[in-house]
2 protein chains.
Amino acid sequence: MKKYLNILGKCPLFFGIGQDELLRMLVCLGAKAEFYDKKYTVFAEGSRAKYIGIVLSGSVQITQVDFYGNRSILSVIGAGQVFAEAFACAEVEEMPVSVVANEPSEIMIIECAHVLHTCENRCAFHRQLIFNLMKDLATKTITFHKKIDITSKRTTREKLMAYLMHEAKRAGGNSFDIPFDRQELADYLEVERSGLSAEISKLQKEGVLESRKKHFTLL
Amino acid sequence: MKKYLNILGKCPLFFGIGQDELLRMLVCLGAKAEFYDKKYTVFAEGSRAKYIGIVLSGSVQITQVDFYGNRSILSVIGAGQVFAEAFACAEVEEMPVSVVANEPSEIMIIECAHVLHTCENRCAFHRQLIFNLMKDLATKTITFHKKIDITSKRTTREKLMAYLMHEAKRAGGNSFDIPFDRQELADYLEVERSGLSAEISKLQKEGVLESRKKHFTLL
DNA sequence: GAAAATATGTTGAATTTTCAACAAAATGAG
DNA sequence: CTCATTTTGTTGAAAATTCAACATATTTTC
């Protein structure tokens with residue numbers, strides 16, 4: 001587990017917990033690390049929601065597929081971030097979403113019950129862990145506010161621009177990479193891929209932005 | 001505060017806490033109750049996010065208004081439910097949404113810091129309170145999954161039907177009331193009011209549903 | 001490096017939504 | 001009860017999206 005200490009130190013779940021303490025804690029929590037190739041499913045829709053996931057390297061997508069086969073991407077979780085914690089904490093029976101590796105990724109899996117209920121060894125920092133989990137859950141809610149802010153726009157152009165503004169703000173500049181290819185961006189914005197491509201072309205001709213694959217620059 | 005004990009007993013935030021203990025706790029938390037008339041603002045977008053709200057009677061809407069004045073309704077919070085907890089727990093500077101009374105409502109307001117940090121009197125059930133708050137936050141995240149599941153549909157008809165299915169499931173039957181008038185339902189589904197009215201008419205003519213104001217029956 | 005597979009861009013037709021304007025119905029005030 | 005206000009339903013035109021089909025890049029595989 002030692003090789004993961006660096007990335008875990010950046011994980012909001014372990015904020016304020018020292019490396020030595022963290023190592024002991026991981027044992028106590030029964031943490032396991034697993035490797036997933038691109039497009040492999042980490043948690044499947046419908047499976048029991050008992051585990052919290054942490055991305056050690058790479059990234060995963062949280063996706064939903066409706067009755068007609070339309071995919072909707074709810075969010076992308078990058079290295080150091082936590083996923084599936086809401087379902088585990090809310091104690092829902094089945095996962096309402098799937099978690100799929102976005103690229104070759106290492107994933108740490110922890111049984112949620114181990115986090116919520118203090119173990120017999122009474123880890124000193126358990127209280128901190130629970131506090132961190134709470135802040136993480138609150139932050140997740142706000143992530144969804146962002147997505148709703150974007151997808152509540154009525155046109156493809158408005159959705160795209162709202163999304164790019166958010167990304168620019170996050171990147172701290174007008175030039176940045178997005179974690180989506182065109183189809184995925186369409187599935188995140190809840191629009192048609194072809195219409196999205198057309199809109200990107202139009203915005204480039206208008207001189208509003210430049211885009212080459214996953215790299216965008218707002219002008 | 002005694003008159004609120006009944007409804008507070010149903011609030012997920014106070015699950016597992018007895019009435020006597022709850023009364024003491026409310027003092028300790030500095031809880032205040034306030035009355036709001038319909039359409040009055042409980043928390044305004046842009047204000048400091050320090051407080052957790054609990055609906056004692058009536059209901060409130062969580063709304064967002066974009067640059068062009070389009071309102072989007074994120075959720076409706078009914079009696080016994082908690083709101084604004086995510087922003088307070090995530091320690092965001094400004095509220096990204098407004099909270100508006102949906103009808104004449106009594107609201108309890110608690111400073112979030114009082115919940116997160118154990119008070120000097122060391123309330124015995126503080127641990128339970130924090131645990132409850134965590135589960136509440138997790139449940140909120142899932143509420144947003146539901147909304148995204150609905151609004152990710154591409155047509156007004158599909159959005160409406162997805163919404164009504166959810167409501168029927170919640171009501172445990174095919175006949176139920178919704179907490180929205182037509183304009184509000186449109187703002188929740190992220191569609192045009194006129195288009196929504198037309199779609200409801202069409203579905204009635206097709207014999208798929210019956211609707212009179214806020215009451216719907218799926219056939 | 002060539003072939004195959006995947007991703008992206010382009011287009012026109014069909015569908016759907018939005019917008020604006022107005023009619024009808026329901027609600028509220030006095 | 002009546003008038004004023006608000007809500008809901010209806011409609012047609014304009015705008016936008018979806019869909020399907022194909023052209024063009026780009027990436028992957030052998």
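Each chain gets a letter, A, B and so on, in the order its sequence line appears, and its residues count up from 1.
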* Tell me, do A:S72 and A:D187 make a side-chain contact under 4.5 Å, heavy atoms counted? ->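 No, side chains not in contact.
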* side chain to side chain contact (heavy atoms under 4.5 Å, CB included) with B:I107: which of B:V60, B:V99, B:I54, B:L56? ->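 Of the listed options, the one satisfying the test is B:V60.
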Using whole Å, report how far [atom1] of [X] lies from [atom2] of [N].
X	N	atom1	atom2	value
B:K39	C:dT27	NZ	P	15 Å
B:R157	C:dT16	CZ	C1'	12 Å
A:L196	C:dT10	CG	C1'	14 Å
B:E158	C:dT15	CD	P	15 Å
B:E103	C:dG28	CD	P	13 Å
A:D187	C:dT8	CG	P	12 Å
B:R193	C:dA21	CZ	P	14 Å
B:R182	C:dT27	CZ	P	12 Å

* Neighbour count above 12 (heavy atom, 6.0 Å) for A:Y40 OH ->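 No.
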* Asked: If you draw a 6.0 Å radius around CG in A:D177, do more than 12 non-hydrogen atoms from other residues or ligands fall strictly inside?
  ->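 For A:D177, atom CG is crowded (more than 12 foreign heavy atoms under 6.0 Å).
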* **Listed partners of B:Y188 passing ring-ring contact (aromatic ring centres under 6.0 Å, His included), at least two apart** =>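 ring-ring contact (aromatic ring centres under 6.0 Å, His included) check on B:Y188 returns B:Y163, B:F180.
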* Name the residue closer to the 5' end of DNA chain C, choosing between A:S197 and A:R154 according to the nucleotide with the nearest heavy atom. =>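 With A:S197 and A:R154 compared, the 5'-side residue is A:S197.
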* Could you tell me from which nucleotide to which nucleotide of DNA chain D, 5' to 3', there is an atom under 4.0 Å from chain A heavy atoms? =>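 Extent of the interface on DNA chain D: D:dA16 to D:dT27.
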* Asked: Taking for each residue the nucleotide of DNA chain D bearing the nearest heavy atom, is the 5' side occupied by A:T155 or by A:K213?
  ->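 Looking at the nearest nucleotide for each, A:T155 comes out on the 5' side.
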* To do: For B:S194, answer base if it contacts any base atom (sugar-phosphate contacts may also be present), sugar-phosphate if it contacts only those atoms, and nothing otherwise; contact means non-hydrogen atoms under 4.0 Å.
  =>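 Counting heavy atoms under 4.0 Å across all strands, the contact made by B:S194 includes a base.
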* Asked: Can we say B:R193 and B:E184 salt-bridge, meaning some charged N sits less than 4.0 Å from an Asp/Glu carboxylate O?
  ->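 Salt bridge flag = no for B:E184 with B:R193.
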* **Residues B:K159, B:E190: salt bridge by 4.0 Å N-O rule** =>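 No, this pair does not count.
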